[in-house]
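So that the names make sense, note that chain A is the first sequence line, chain B the second, and so on, each numbered from 1. Not measured: the values here are computed from a predicted model.
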Amino acid sequence: MKNEVTDYNIDDLDRDKQTTWDGVRNYQARNFMRDDMCVGDLAFFYHSNADPSGVAGVMKIIKTKITDPTQFEKKGKYYDEKATKAVPRWFCVEVQFVKNLKNFVGLPEIKQNKKLKGILVAQKGTRLSVQPVSKEHFKEIIRMSSV
DNA sequence: GCCAACGTTGGC
DNA sequence: GCCAACGTTGGC
């Protein structure tokens, strides 16, 4: 799960302990949160627009299928006039801080690692802010962060 | 700040 | 339903 590092990063989550991952306005990203995430799942916190960008920490999904409250906030950045309380359009999840990676795993290292071949985040044109990571890739990134 | 890639919008 | 125009993402 990506977020711009200057906007909200792993240290903010460490301080807050948990947060609602709202404001996602892409259908594919929404579908991953709505349909594929389960309570107890682990997720990476990825810093985008960082120097370098990459995986900073681990979080746990503690609540799923939350109706994104920001779609109803008229003056907010994420307001969606087509969403109604009866038929909401955007859903999100609640995440809990698990840990900072001992060592940050940058996108260049991810791209160089042959064991991470096919990982979505390293593919050209993949801009999704929420995307799946296979168990093997997840373990490999954890391994990279602890050496 | 540039730009490639891709999503969304709206005219027809 | 096509597709051009426009907007956004995000690495570099």
Side-chain angles (χ1 to χ4, degrees), chain A residues 1-16 18-37 41-61 64-95 97-147:
Chain A
M1 304 177 81
K2 303 182 188 175
N3 208 64
E4 293 204 18
V5 67
T6 52
D7 177 46
Y8 191 90
N9 60 45
I10 192 73
D11 294 322
D12 294 313
L13 183 61
D14 188 6
R15 181 198 62 220
D16 296 343
Q18 63 185 70
T19 193
T20 306
W21 206 270
D22 56 22
V24 171
R25 290 296 177 270
N26 172 285
Y27 288 107
Q28 249 185 300
R30 177 204 68 181
N31 292 348
F32 284 131
M33 287 198 287
R34 190 190 59 185
D35 305 333
D36 296 336
M37 286 188 183
D41 282 353
L42 295 178
F44 285 133
F45 195 133
Y46 179 94
H47 288 170
S48 64
N49 275 315
D51 187 22
S53 292
V55 178
V58 178
M59 7 188 230
K60 186 191 274 185
I61 310 302
T64 60
K65 297 175 174 55
I66 299 168
T67 300
D68 184 336
T70 62
Q71 65 192 306
F72 306 123
E73 292 168 6
K74 273 213 161 123
K75 292 192 177 136
K77 184 177 167 187
Y78 300 114
Y79 179 63
D80 185 341
E81 57 175 15
K82 288 174 186 157
T84 63
K85 300 246 163 136
V87 188
R89 178 175 290 195
W90 304 107
F91 299 89
C92 57
V93 295
E94 183 85 11
V95 297
F97 177 81
V98 173
K99 63 174 178 180
N100 257 293
L101 291 187
K102 191 169 144 212
N103 297 297
F104 181 86
V105 179
L107 185 57
E109 301 164 61
I110 291 174
K111 286 181 169 168
Q112 277 166 24
N113 188 334
K114 288 201 176 79
K115 287 183 186 159
L116 297 177
K117 204 177 168 204
I119 193 167
L120 282 176
V121 77
Q123 269 173 32
K124 210 177 171 184
T126 304
R127 303 174 313 173
L128 285 175
S129 62
V130 179
Q131 50 182 252
V133 180
S134 72
K135 196 174 273 184
E136 291 69 29
H137 288 166
F138 193 95
K139 279 189 200 156
E140 178 60 15
I141 288 173
I142 293 291
R143 194 196 59 76
M144 289 164 79
S145 74
S146 51
V147 283

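Across the protein-nucleic acid pair, I110(A) atom CD1 and dG10(C) atom P stand 14 Å apart, rounded to whole Å. Separating the CD atom of E4(A) from the P atom of dG10(C) is a distance of 7 Å, rounded to the nearest angstrom. For the pair I119(A) CD1 and dG11(C) P, the interatomic distance rounds to 13 Å; values are reported in whole Å.
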Which side-chain N or O atoms in residues 110-125 of chain A pair as donor and acceptor under 3.5 Å with protein atoms at least two apart or in another chain?
from: N113(A); atom 1: OD1; to: K115(A); atom 2: N; distance (Å): 2.8
from: N113(A); atom 1: ND2; to: E140(A); atom 2: OE2; distance (Å): 2.7
from: Q123(A); atom 1: NE2; to: G118(A); atom 2: O; distance (Å): 3.2

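Residues forming a ring-ring contact (aromatic ring centres under 6.0 Å, His included) with Y27(A) (at least two apart in sequence, or on another chain): W90(A). Partners of F138(A) under the ring-ring contact (aromatic ring centres under 6.0 Å, His included) rule, at least two apart in sequence or in another chain, are F44(A). Taking the salt bridge (Lys or Arg N to Asp or Glu O under 4.0 Å) definition, one finds that D16(A) meets it with nothing, sequence neighbours left out.
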Is there any protein nitrogen or oxygen under 3.5 Å from a nitrogen or oxygen in nucleotides 2-9 of chain B, and what are the pairs?
from: dA5(B); atom 1: OP1; to: K124(A); atom 2: NZ; distance (Å): 3.0
from: dA5(B); atom 1: N3; to: R127(A); atom 2: NH1; distance (Å): 3.0
from: dC6(B); atom 1: O2; to: R127(A); atom 2: NH1; distance (Å): 3.1
from: dC6(B); atom 1: O2; to: R127(A); atom 2: NH2; distance (Å): 3.0

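Residue pairs meeting the ring pair (Phe, Tyr, Trp, His ring centres under 6.0 Å) criterion with at least one partner in residues 98-117 of chain A, sequence neighbours excluded, do not occur; the list is empty.
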